[in-house]
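Only this structure's heavy atoms are used, side chains among them; waters, hydrogens and symmetry mates stay out. Just so you know, ligand 1 is whichever comes first in the structure, and atom 1 is the first atom listed for that ligand.
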Amino acid sequence: MSETANARAAALPHLRDSGLAKGDPIPLPLTMAAIYHTPGDATGFDQYGRFSNPTWDAVEHMLSHLEGAPCVAFPSGMAAICSVFFALLKTGDRILLPSDGYHTTRALADRFLKPFGVTYDVRPTSTFIDGGFEGYRLAFVETPANPGLDICDIAAVADAVHKAGALLVVDNTTMTPFGQRPLDHGADIVVAADTKAPNGHSDVLFGHVASRNADIITAVAGWREISGSIPGPFEAWLVHRGLETLDVRFDRMCTSAEVIARRLKGHRAISGLRFPGLESDPSHNLARAQMERFGFLISFELASEDKAEDFINNCALMQAATSFGGVHTSAERRTKRGDAVPPGFVRLSVGCEPVEELWKAIEASLDKIGG
Ligand SMILES: Cc1ncc(COP(=O)(O)O)c(C=O)c1O
């Protein structure tokens with residue numbers, strides 16, 4: 001990681017220090033409260049659980065530190081994405097989405113934005129800039145895209161999007177702020193599912209929106225307050241705890257993914273492997289320029305649906321599960337979720353297990369299914 005990313009990581013566990021009075025607990029207390037003591041003029045105080053909560057404030061402080069921007073926390077990644085669309089778009093707007101990104105974002109546009117008169121088009125991530133952005137109010141990219149792991153040049157896209165008078169939103173879920181900071185490359189808004197690596201223990205859903213534009217933050221925070229799309233304090237507390245070890249977990253996962261991807265690529269049972277960290281990957285040069293790390297996701301194909309299922313289910317150190325970014329290595333055959341990929345397509349999320357043990361388990365399972 002760069003020096004600045006290391007400095008951010010080092011400061012993260014100490015963010016609370018300056019607010020501590022003698023005798024205060026060092027770890028974050030959990031505040032479960034729907035109401036607060038507010039006699040007289042309540043301005044400037046917590047008033048009601050839908051408006052504010054000290055545990056949200058603490059997790060937002062951490063996220064803001066990592067993103068270098070004000071953040072608003074949400075109860076899931078999709079709630080964060082909804083807040084951006086519903087707070088910033090109006091009837092007649094047109095938006096652009098990735099054709100190969102997380103399928104639920106397209107479902108949201110199709111089922112819930114279209115009836116309000118917000119239309120959308122889709123483009124592949126790798127050629128997202130082609131065709132320009134005239135006529136769009138907002139362009140939304142995911143880089144690397146889940147599950148195919150294509151990437152796009154955030155700075156170049158941001159520049160072209162801004163010339164067309166539109167906003168650029170980047171879903172940074174696959175990277176986390178330790179892997180990539182899209183706002184530094186010119187994006188207007190970051191959305192992320194902290195459900196994944198930031199929480200890291202697969203026991204909570206959470207999300208956030210980050211932006212250096214105060215009007216955007218005000219609009220998104222207003223959406224949260226009025227829609228009631230608020231995170232639970234306990235979930236916020238768990239994510240706060242997860243963020244304290246994100247740097248260590250992310251480092252282990254990315255380092256292991258680099259080892260595993262290289263070995264998988266050489267295995268006879270595997271084809272079409274994608275990992276931005278491999279020199280042979282079409283995304284590699286851009287990934288090197290734009291990303292701090294290459295991430296912990298690897299995608300590849302096995303010969304058939306059955307072989308992919310057997311590989312996942314027979315691997316002793318792999319959970320058969322959707323989602324990614326947890327301490328446990330997990331994998332999923334993505335046609336199960338309706339992604340437009342071949343039946344044997346697998347998305348592998350490398351976890352925190354010691355890498356040589358993990359590789360032995362992966363290799364044994366691959367050898368069992370044959371080439
Ligand atoms: C890239 C991406 N964005 C957003 C989401 C939505 O996150 P959540 O499940 O927390 O709503 C996901 C979930 O898998 C995702 O992969």
Side-chain angles (χ1 to χ4, degrees), residues 59 63 67 71-86 95 97-109 111-112 122 124-125 128 139-152 154 169-177 179-180 182 187 189-210 220 223-224 227 229-232 235-236 238-239 242-243 246 253 274 276 291 295-299 319-326 328 330-341 345-350:
V59 77
L63 290 166
E67 297 281 13
C71 288
V72 183
F74 283 93
S76 67
M78 283 316 301
I81 294 171
C82 277
S83 78
V84 168
F85 289 167
F86 284 98
I95 66 170
L97 302 175
S99 54
D100 50 345
Y102 183 50
H103 58 96
T104 309
T105 306
R106 290 188 299 279
L108 169 63
R111 289 175 52 189
F112 296 102
V122 297
T125 299
F128 201 79
F140 184 107
V141 294
E142 216 179 276
T143 175
N146 166 26
L149 304 183
D150 267 329
I151 73 175
C152 68
I154 299 172
V169 184
V170 177
D171 182 332
N172 202 37
T173 298
T174 54
M175 271 293 108
T176 88
Q180 168 176 276
I189 302 170
V190 161
V191 292
D194 300 304
T195 310
K196 319 294 178 185
N199 177 58
H201 295 77
S202 310
D203 46 11
V204 152
L205 278 86
F206 209 77
H208 75 269
V209 173
V220 162
W223 164 263
R224 178 175 72 181
S227 68
S229 179
I230 54 167
E235 282 74 7
L238 283 171
V239 173
L243 284 170
L246 174 59
M253 288 154 66
R274 294 298 307 271
M291 291 150 59
F296 50 81
L297 291 177
I298 304 170
S299 67
Q319 299 296 331
T322 196
S323 199
F324 52 83
H328 332 81
S330 66
E332 183 170 46
R333 198 172 51 69
R334 286 302 293 182
T335 49
K336 268 167 101 165
R337 302 285 152 195
D339 283 339
V341 291
F345 181 103
V346 172
R347 183 191 66 202
L348 170 65
S349 173
V350 176

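- Taking all atoms of both residues into account, the shortest heavy-atom contact from Leu108 to Ile81 is CD2-CG2, 3.9 Å.
- Using cut-offs of 30° and 60° on the angle between ring planes, the pair Phe296 and Phe324 is tilted.
- Checked against a 3.5 angstrom limit, the closest N/O atoms of Thr174 and ligand 1 fall outside it.
- Scanning both residues, Arg106 and Leu97, for their nearest heavy atoms gives CA-CD1, 4.0 Å.
- Salt-bridge formation is detected for the pair Asp150/Arg274: a Lys NZ or Arg NE/NH1/NH2 atom is positioned less than 4.0 Å from an Asp or Glu carboxylate oxygen.
- The shortest N/O to N/O separation between Gly77 and ligand 1 falls below 3.5 Å.
- Near Phe324, the atoms of ligand 1 lying under 4.0 angstrom from a non-hydrogen atom of the residue are 16 (O).
- Heavy-atom contacts of Asp171 reach the following atoms of ligand 1: 1 (C), 2 (C), 3 (N), 4 (C) (cutoff under 4.0 Å).
- Nearest protein heavy-atom contact of atom 7 (O) of ligand 1 is Ala193 CB, 3.2 Å.
- Between Phe140 and Phe85, a ring centre-to-centre spacing shorter than 6.0 Å is recorded.
- Scanning all heavy atoms of the two residues, the minimum distance from Trp223 to Ser229 falls at NE1-CB, 4.4 Å.
- When only non-hydrogen protein atoms are considered, atom 6 (C) of ligand 1 lies nearest to Tyr102 CE2, 3.5 Å.
- Checking only distances, Glu142 never comes within under 3.5 Å of ligand 1, N or O to N or O.
- Between Leu205 and ligand 1, no pair of N/O atoms sits closer than 3.5 Å.
- Every atom of ligand 1 with a heavy atom of Met78 under 4.0 Å away is listed here by number and element: 6 (C), 7 (O), 8 (P), 11 (O).
- Looking at Leu297, Asn199, Thr195, it is Thr195 that brings a heavy atom closest to atom 10 (O) of ligand 1.
- Nearest protein heavy-atom contact of atom 16 (O) of ligand 1 is Asn146 ND2, 2.9 Å.
- Near Lys196, with a cut-off below 4.0 Å to any heavy atom, the atoms of ligand 1 are 12 (C), 13 (C), 14 (O).
- Across every non-hydrogen atom of Met253 and Gly326, the tightest pair is CE-O, 4.1 Å.
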Checklist entry - Run the side chain to side chain donor-acceptor pair (under 3.5 Å) check on His208 and Asp194 step by step: do they pass? => result CA-CA 7 Å; His208 75 269; Asp194 300 304; 2.7 Å; yes

